[in-house]
**Q** 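Dropping the structure in here first, questions after.
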Amino acid sequence: MYRHLTSLLLGRRVHQPQFTPVCLRFGSGGCGRWEEEKKEDGIKWIQLEHRGPYFAPLYEPLPEDVQFYYNGKPMKLSLATEEIATFYAKMLDHEYTTKEIFQNNFFNDWRKEMTSAERNIIKDLDKCDFTEIHKYFVDKNEARKALPKEEKQKLKEEADKIQEEYGYCILDGHREKIGNFKTEPPGLFRGRGDHPKMGMLKKRIMPEDVIINCSKDSKIPEPPQGHKWKEVRCDNTVTWLASWTENIQHTLKYIMLNPSSKLKGQKDWEKYEVARRLKDVVHKIRAQYRMDWKSKEMKERQRAVALYFIDKLALRAGNEKEEGETADTVGCCSLRVEHIRLHPELDGQKHVVEFDFLGKDSIRYYNKVSVEEPVFKNLKRFMKNKDPADELFDRLKTSILNKHLQNLMDGLTAKVFRTYNASITLQEQLKALTNSEDSVAEKLLSYNRANRAVAILCNHQRSTPKTHEKSMQNLQAKINAKKQQVEEAQEELKKAEDEFNDTKDAKAGANVEKKKKKLKQLEEQLSKLNVQATDKEENKQIALGTSKLNYLDPRITVACKCPVLLHL
DNA sequence: TCAAACACTTAGAACGGACCGA
DNA sequence: TCGGTCCGTTCTAAGTGTTTGA
């Protein structure tokens with residue numbers, strides 16, 4: 001989003017903004033591109049020309065002296081088998097390779113690619129020794145990092161050349177940056193959480209797998225020598241440039257434009273416009289779902305309670321998933337009885353619902369929320385006579401919910417609530433936390449706090465950084481040292497006071513004041529360090545980037561004259 | 001009507017370069 | 001100069017929501 005905002009500002013698409021989120025327009029200002037003639041409904045482009053994807057480099061065999069060992073004995077592998085062995089060897093340091101599912105999936109897929117002779121020998125993963133191969137890649141990596149400046153510069157220039165050549169396309173006469181112009185290299189599938197397919201072999205993408213999408217009159221990209229494309233088509237109702245089907249989940253992968261492109265930027269703007277329209281009708285929708293809590297129809301009650309959760313807690317919709325194909329994660333509509341616990345009273349609050357489930361990317365959602373009484377009573381009913389593994393909202397599906405939302409407002413779907421609530425939270429927090437006379441540093445702190453409130457709302461988490469423990473220890477050492485200094489200063493002050501009491505000397509009196517000042521200064525420093533430690537600890541599992549990028553309407557940031565703009 | 005296919009957005013991990021203080 | 005930290009970018013998995021077609 002910020003890249004988009006930058007391009008908006010730099011491109012002067014926003015001219016002399018009035019700094020209010022309501023009247024600020026993305027497209028005002030008479031700058032050419034946003035006013036280009038509107039295309040027919042569903043038509044995304046007239047002209048699309050590009051070079052096709054940049055293919056992952058071919059496998060380079062290991063040097064002779066780097067060996068794979070089976071049962072303690074060196075074993076020369078065929079090229080294809082060796083390549084897959086390197087995928088595993090490169091990951092030896094990673095937690096993935098300690099997981100049984102990962103190991104089993106890898107070993108099964110690896111054996112499929114072996115020659116029959118190799119398959120006859122290699123029957124047990126525990127007898128495979130990849131450590132020498134692993135070390136080879138670690139050393140190679142180190143060597144690359146230690147390269148002299150000029151060598152690094154040379155490598156960078158080569159990468160830039162590829163970026164120049166393959167990283168841009170021509171769309172309706174404009175040069176636009178492509179988001180991912182490289183095919184995904186082969187490797188081992190890294191599914192998140194308890195993914196049943198982790199460790200499976202992700203095969204190399206060949207030109208024969210790739211569908212090219214470009215305009216008829218454009219220069220059709222050349223496939224690499226000796227190869228052909230799977231298909232060349234001209235479909236201007238879609239925005240992708242190339243696509244292929246991956247072999248793990250058999251889903252489509254696309255080469256698409258960078259977020260800085262006009263097409264993506266416009267879509268982004270439209271997303272926030274829908275969220276703004278929701279602002280005008282959300283009170284009506286809330287009144288409606290409150291009414292529906294009392295509906296005669298169980299279907300409607302479930303829909304209304306689910307919508308309350310989506311609105312109040314910014315839960316995702318929760319589409320159905322194919323069992324056994326992915327990690328067991330849920331969203332609102334797919335919640336099961338086992339994911340919530342009802343407490344008529346908890347920690348002094350009434351009607352508390354305790355949520356505990358794995359959401360997108362297997363990130364845990366844990367929350368205790370006091371809900372309105374009818375919601376609590378309804379939940380009790382929904383759970384009655386059900387097993388823990390049964391669906392909480394058994395009469396509800398995302399399609400039903402979205403159909404209902406569509407009737408309430410044009411373009412409204414469950415995900416719009418997340419965008420709306422995230423942006424409105426930012427706006428409210430900024431209003432509450434900032435004063436116009438604040439310094440840049442204070443404003444920045446407030447902005448980060450507001451951003452953090454949004455990240456918490458949306459449950460955007462990250463794994464604790466590897467360096468966290470150590471950096472906390474360093475900080476703690478600083479705190480301890482400062483505490484010591486404070487204690488020493490306290491003693492010094494006491495001594496000075498005693499001296500003054502004994503002598504009543506003016507010089508001794510001045511010394512007391514001096515010591516007091518020093519103590520105060522040290523105490524302030526200690527307090528700052530303590531705040532810093534708390535901040536670090538609280539932030540260790542919160543990811544701020546996703547909300548910044550996908551949920552916060554940049555016009556709110558502009559409207560609040562936030563100093564983050566200075567950092568763009 | 002429903003599931004599958006498709007197109008697109010949202011997500012955290014990994015990485016790399018800039019910066020900063022010791 | 002070195003190591004730690006921060007922050008933006010890249011990568012690709014994992015969602016959402018629409019379309020298609022039986």
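In this text the structure is predicted, and so the values were computed from the model without any measurement. Residue numbers start from 1 in every chain, and the chains themselves are labelled A, B, ... in the order their sequence lines are given, proteins ahead of strands.
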**Q** What stems involve DNA chain B, if each pair must be Watson-Crick or G-U and both of its distances must be under 3.5 Å, with 3 or more such pairs in a row?
**A** B:1-22 with C:1-22
**Q** Taking OP1 and OP2 of C:dC11, is either one under 4.0 Å from a side-chain nitrogen or oxygen of A:N180?
**A** no
**Q** Roughly how far, to the nearest 0.5 Å, is CD1 of A:I178 from SG of A:C169?
**A** 5.0 Å
**Q** Phosphate oxygens OP1/OP2 of C:dA13: is one of them under 4.0 Å from a side-chain N or O of A:K253?
**A** yes
**Q** Report yes if a side-chain nitrogen or oxygen of A:K271 is closer than 4.0 Å to either non-bridging phosphate oxygen (OP1 or OP2) of B:dC8; otherwise report no.
**A** no
**Q** Classify the angle between the aromatic ring planes of A:Y88 and A:F106 as parallel (below 30°), tilted (30 to 60°) or perpendicular (above 60°).
**A** parallel
**Q** Tell me whether the OP1 or OP2 atom of C:dA13 has a side-chain N or O from A:T326 closer than 4.0 Å.
**A** no
**Q** For DNA chain B, whose closest nucleotide is more 5', that of A:T546 or that of A:K156?
**A** A:T546
**Q** At under 4.0 Å, does any side-chain N or O of A:N402 touch on OP1 or OP2 of C:dG17?
**A** yes
**Q** I want to check one thing: is the phosphate of B:dC8, taken as OP1 and OP2, less than 4.0 Å away from some side-chain N or O of A:K44?
**A** yes
**Q** OP1 or OP2 of C:dG17 less than 4.0 angstrom from a side-chain nitrogen or oxygen of A:T398, does that happen here?
**A** no
**Q** Please check the phosphate of B:dT9 (OP1 and OP2 only) for any side-chain N or O of A:K264 closer than 4.0 Å.
**A** yes
**Q** At 4.0 Å (heavy atoms only), tell me whether A:G359 reaches a base, stays on the sugar-phosphate, or touches nothing.
**A** sugar-phosphate
**Q** Does anything in residues 410-422 of chain A reach DNA chain B, meaning a heavy atom under 4.0 Å, and if so which residues?
**A** A:K415, A:R418
**Q** Quiz question: by atom type and distance under 3.5 Å, do the side chains of A:Q302 and A:D394 form a donor-acceptor pair?
**A** yes
**Q** Give a yes/no answer on whether the side chain of A:H460 brings an N or O atom under 4.0 Å of OP1 or OP2 in B:dT10.
**A** no
